[in-house]
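Just the heavy atoms: all of them, side chains too, but no hydrogens, waters or symmetry mates, feed the values below. Just so we're on the same page: letters track the sequence lines, and every chain starts at 1. Treat the numbers as computed from the prediction; the structure is a model and nothing was measured.
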2 protein chains.
Amino acid sequence: MKEYCKFESALDILVGKWKPAILLQLISNGIMRFGELQKAIPDINKKMLTQQLRELEHNNIVHREVYNQIPPKVEYSISEYGKGLSTVLKALNDWGTAHMKHMDALYGVDRSESEPKG
Amino acid sequence: MKEYCKFESALDILVGKWKPAILLQLISNGIMRFGELQKAIPDINKKMLTQQLRELEHNNIVHREVYNQIPPKVEYSISEYGKGLSTVLKALNDWGTAHMKHMDALYGVDRSESEPKG
DNA sequence: CAGAATCCCTATTGATACTG
DNA sequence: CAGTATCAATAGGGATTCTG
């Protein structure tokens, strides 16, 4: 067995363009409906939101609660098991925060591009 | 600024099909030459190895030492800055290890496929 | 409302050959 | 030895349309 598959096993959970955003939302807000997630992450579309949620669900990170009613209502939340990711996410977040400052200091950040003044 | 860009900033470093494998090698073995890395990660090709190393180098995670001689000799190692990743990598590794067991228990692992008895 | 299905496009990965 | 250059294959992401 490849040693690094442990890394990859963990990374696979987090990788996917929208998974960090989704996880952050669910961690911050607890239970959220599909539509709420979509509103909270404006640039995502339904297909991607569905897809990434399904992957997280398959990995037991998020719990999906379906209310069988019209109109439909589906709630998502971090599963108990998923909460075990908190250490990883915190490590990632801490390091990421420091790293952004580091890169900023090294190269400068082109905020002009990445943040249209709006 | 999007909150999750901190996650992403960190994830970007680790994401890339071969980066976990490369990092693991360098962490385990210290200084390694290009060819050694290639031997240690048999399925990678030169292009990918070069590319991923360059990205890691650009992010200050690995150090590249070039000896100007014939035949060429280039050594790679984790940079001082890159060593700061250890917390993240450990968290990832620990969680990944547990997660593999978890998924194994849930779904069973098709070892028959993933590990040809060789 | 919460998706499923379809089609398209681009970024990432890979195979191969060439070079100082 | 340690790459670069080029081209081909693929997977991931996205726009749009349709549905119970």
Return the value, rounded to whole Å, for the distance between atom CD of Gln51(B) and atom C1' of dG3(D).
-> 13 Å
Which pair of non-hydrogen atoms, one from Glu8(B) and one from Lys17(A), has the smallest distance, and what is that distance?
-> OE2-O, 3.4 Å
Between CG of Leu53(A) and P of dA4(C) the distance, given in whole Å, is 11 Å
Does the side chain of Tyr76(B) get closer than 4.0 angstrom to OP1 or OP2 of dC1(D) through an N or O atom?
-> no
side-chain N/O Arg33(B) vs dA2(D) OP1/OP2, d < 4.0 Å | yes
OP1, OP2 of dG13(D) versus side-chain N and O of Gln52(A): anything below 4.0 Å?
-> yes
Carboxylate-amine/guanidinium proximity below 4.0 Å for Lys83(A) and Glu80(A) = yes
Tell me whether the OP1 or OP2 atom of dG14(D) has a side-chain N or O from Trp18(A) closer than 4.0 Å.
-> yes
Quick one: which of dG3(C), dT4(D), dC1(D) gets closest to the side chain of Arg54(B)?
-> dT4(D)
The answer to which of Thr50(B) and Lys39(B) contacts DNA chain D further toward the 5' end, by nearest nucleotide, is Lys39(B)
Does the side chain of Leu37(A) come within less than 4.5 Å of Leu26(A)'s, by heavy atoms?
-> yes
Sorted by position of nearest nucleotide on DNA chain D, 5' first, the leading residue of Lys17(A) and Val74(B) is Val74(B)
Rounded to the Å, how far apart are Met32(A) CE and dG3(C) C1'?
-> 17 Å
Which whole-number value in Å describes the distance from Arg64(B) CZ to dC1(D) P?
-> 16 Å
Mind calculating the distance between CG (Leu49(A)) and P (dG13(D)) to the nearest angstrom?
-> 13 Å
Please check if any side-chain donor atom of Tyr81(B) sits under 3.5 Å from a side-chain acceptor atom of His63(B), or the reverse.
-> no
Atom-to-atom span, CZ of Phe34(B) to C1' of dT4(D) - whole angstrom | 11 Å
Whole-Å gap separating C1' (dG13(D)) and CD1 (Ile41(A)) | 15 Å
Checking only heavy atoms, does the side chain of Lys47(B) share a donor-acceptor pair with the base of dG14(C) at less than 3.5 Å?
-> yes
Closest listed nucleotide, where the reference is the side chain of Asn45(B) and the choices are dG13(D), dG3(D), dG14(C) | dG14(C)
Whole-Å distance separating the CD1 atom of Ile22(B) from the P atom of dA2(D) | 14 Å
Which nucleotide in dG13(D), dC1(C), dC1(D) has an atom nearest any side-chain atom of Pro71(A) = dC1(C)
Compare side-chain N and O positions of Lys46(A) against OP1 and OP2 of dA15(D) and report whether any pair is under 4.0 Å apart.
-> no
Check whether the side chains of Tyr76(B) and Glu57(B) place a donor and an acceptor atom closer than 3.5 Å, and report yes or no.
-> no
